[in-house]
Undergrad: 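Quick one: this structure, given as structure tokens, is what I'll be asking you about.
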Amino acid sequence: GNHAVFPEYFVRWFLTKFALQGDKILDPFAGSGTTLVCAKQRGLSYIGFEIDKGYCDYAQKRLQQSTIFQHI
């Protein structure tokens with residue numbers, strides 16, 4: 001399928017500007033999981049939907065490998 005790939009810096013900027021601690025991030029077209037990984041790194045709850053099993057597997061692998069850190 002056709003998936004729009006967003007650079008992580010764009011997603012991080014958007015989450016920094018518009019997401020508050022305690023928010024839950026929903027990505028109904030999760031693709032490779034960039035939004036989910038960025039949400040996880042910011043300590044936000046997240047859920048994603050994706051119909052392509054290959055992308056689901058890839059996103060799950062990225063989420064398992066993502067490092068949690070927080071800039072103070």
Side-chain angles (χ1 to χ4, degrees):
N2 293 331
H3 291 275
V5 178
F6 292 105
E8 284 189 29
Y9 71 86
F10 175 76
V11 178
R12 282 193 301 267
W13 175 86
F14 191 87
L15 291 176
T16 299
K17 297 294 182 193
F18 299 106
L20 303 174
Q21 289 302 317
D23 282 353
K24 293 173 180 59
I25 304 304
L26 170 65
D27 187 351
F29 307 100
S32 64
T34 300
T35 299
L36 307 178
V37 168
C38 291
K40 181 178 179 181
Q41 290 173 342
R42 289 197 36 82
L44 300 167
S45 298
Y46 55 88
I47 187 166
F49 297 100
E50 177 56 53
I51 61 172
D52 185 314
K53 182 166 176 8
Y55 276 107
C56 287
D57 294 342
Y58 182 68
Q60 183 176 16
K61 187 179 293 186
R62 288 183 70 196
L63 286 163
Q64 290 171 348
Q65 294 174 353
S66 72
T67 301
I68 305 263
F69 66 91
Q70 186 161 10
H71 177 71
I72 299 176

Undergrad: Of the non-hydrogen atoms in Tyr46 and Ala39, which two are nearest, and what is the gap between them?
TA: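 Looking at all heavy atoms of both residues, the shortest contact is CB-CB, 4.0 Å.
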
Undergrad: Before giving the answer on salt bridge (charged side-chain N to carboxylate O under 4.0 Å, His left out), spell out for Asp57 and Lys53 the whole-Å C-alpha distance, their side-chain angles and the decisive distance to 0.1 Å.
TA: CA-CA 6 Å; Asp57 294 342; Lys53 182 166 176 8; 3.0 Å; yes

Undergrad: Looking at side-chain heavy atoms only, is the closest gap between Arg42 and Thr16 below 4.5 Å?
TA: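 Answer yes - side chains close enough.
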
Undergrad: Hey, any chance Val37 and Trp13 share a hydrophobic cluster, counting ILVMFWY side chains that come within less than 4.5 Å of each other, even indirectly?
TA: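 Different clusters: Val37 never reaches Trp13 through Ile, Leu, Val, Met, Phe, Trp or Tyr contacts under 4.5 Å.
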
Undergrad: Supply the atom-to-atom distance Phe14 CZ to Thr35 OG1, rounded to the nearest 0.5 angstrom.
TA: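 Going from CZ on Phe14 over to OG1 on Thr35, the span is 9.0 Å.
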
Undergrad: Which heavy-atom pair separates Gly48 from Ala30 by the least distance, and what is that distance?
TA: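 What the structure gives for the nearest pair is CA-CB, 4.1 Å.
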
Undergrad: Would you say Leu44 and Leu36 are hydrophobically clustered, going by side-chain heavy atoms of ILVMFWY under 4.5 Å?
TA: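 Yes, Leu44 and Leu36 fall within the same hydrophobic cluster.
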
Undergrad: Minimum heavy-atom separation for Ala59 to Gly31, with atom names?
TA: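 Closest approach of Ala59 to Gly31, heavy atoms only: CB-O, 3.8 Å.
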
Undergrad: Lys40 side chain to Leu63 main-chain N or O, any donor-acceptor pair under 3.5 Å?
TA: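 Answer holds: yes.
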
Undergrad: As an exercise, state the distance from CD of Gln60 to CD of Gln65, rounded to the nearest 0.5 Å.
TA: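 Output value for this atom pair is 11.0 Å.
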
Undergrad: Identify the heavy atoms of Cys38 and Glu8 that sit nearest to each other, and give their distance.
TA: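 Taking every non-hydrogen atom into account, SG-O, 4.0 Å.
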
Undergrad: Cluster question for you: counting only ILVMFWY and a side-chain heavy-atom cut-off of under 4.5 Å, with indirect links fine, are Phe29 and Leu26 together?
TA: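 No.
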
Undergrad: Given side chains that start at C-beta, do those of Glu50 and Asp27 come closer than 4.5 Å, heavy atoms only?
TA: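 Not in contact.
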
